[in-house]
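Since the structure comes first, as structure tokens, the remarks are kept for the end.
Just so it is clear, the model here is predicted, and its values are computed rather than measured.
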Amino acid sequence: MGEKPGLSLLAMIIASAFAGAAGAADVCQGPAPAAGAAVHGPVLAVPDGSSLCLATGATPSAWVKIPLSRLRTSQRMLMAAAFGKNATCAIGADGRGECLVEGRPLAASLQSPEVVKAAYLWR
């Protein structure tokens, strides 16, 4: 996704911020990425504690759900660590992703005091 998000993408980001967990799962409508692929984009939804939804385009049909490899946490923790931030996920042979969020491993971000505090405050 080499271009800057447009107004329609910004509107969808705001709308998805107010969606519940069930609604977040529905917005990830893009095709599952192939093994070995790298997926880049902003995290626009966190359906649960073990997956992220990355926008590879402006509409939900281009938002890709990435099941996370070896990572299971609360939805609140993932929201605090990744929501609204740029991510790059490398997809393994099992279809699960290892993700960097703003250049930092997601697993490391989840352990930072700032993320733990933000997750506690997330509603």
Item to complete: Would you please test R96 and R70 for side-chain contact (heavy atoms from CB on, under 4.5 Å) and show each step?
Response: CA-CA 9 Å; R96 297 187 168 279; R70 298 184 311 261; over 6 Å; no
Item to complete: Could you tell me the separation between the CG atom of L71 and the OG atom of S50, rounded to the nearest 0.5 Å?
Response: 8.5 Å
Practice prompt. Check whether any side-chain heavy atom of K65 sits under 4.5 Å from a side-chain heavy atom of D48, and report yes or no.
Written response: yes
Item to complete: To the nearest 0.5 Å, tell me how far H40 NE2 sits from C89 SG.
Response: 9.5 Å
Worksheet item: Taking T56 for the side chain and A62 for the main chain, is one N or O donor matched with an acceptor at less than 3.5 Å?
Response: yes
Worksheet entry | Any donor-acceptor N/O pair, R76 side chain to Y120 backbone, under 3.5 Å | yes
Item to complete: Answer yes or no: is there a side-chain heavy-atom contact under 4.5 Å between L106 and L52?
Response: yes
Worksheet item: Is a donor on one side and an acceptor on the other found under 3.5 Å between the side chain of Q75 and the backbone of V46?
Response: yes
Worksheet item: So, do L110 and L78 sit near enough that their side-chain heavy atoms are less than 4.5 Å apart?
Response: yes
Item to complete: Taking the side chain as every heavy atom from C-beta outward, state whether V115 and M77 have any atom pair closer than 4.5 Å.
Response: yes
Fill in: Test item: L100 and R104 side chains (from C-beta on) under 4.5 Å apart, heavy atoms
no
Worksheet item: Do W63 side-chain atoms and G57 backbone N/O form a donor-acceptor pair below 3.5 Å?
Response: yes
Worksheet, complete the sentence: Note: A80 and A119 closest approach over all heavy atoms is CB-N, 3.6 Å
Practice prompt. Taking all heavy atoms of L68 and all of C99, pick out the closest pair and write down the distance.
Written response: CD2-SG, 3.6 Å
Practice prompt. Find the distance between OG1 (T73) and CD (Q111) and round it off to the nearest 0.5 Å.
Written response: 9.5 Å
Worksheet entry | Minimum side-chain heavy-atom gap C28-P60 below 4.5 Å | no
Discussion item. I need the minimum non-hydrogen distance between P33 and A37, along with the two atoms involved.
Written reply: CB-CB, 4.4 Å
Item to complete: For A81 and V101, work out which heavy atoms get closest and say how close.
Response: O-CG1, 3.6 Å
Discussion item. Contact between I66 and C53 at the side-chain level, heavy atoms closer than 4.5 Å - yes or no?
Written reply: no
Worksheet entry | Check: V43 and L54 side chains under 4.5 Å, non-hydrogen atoms | yes
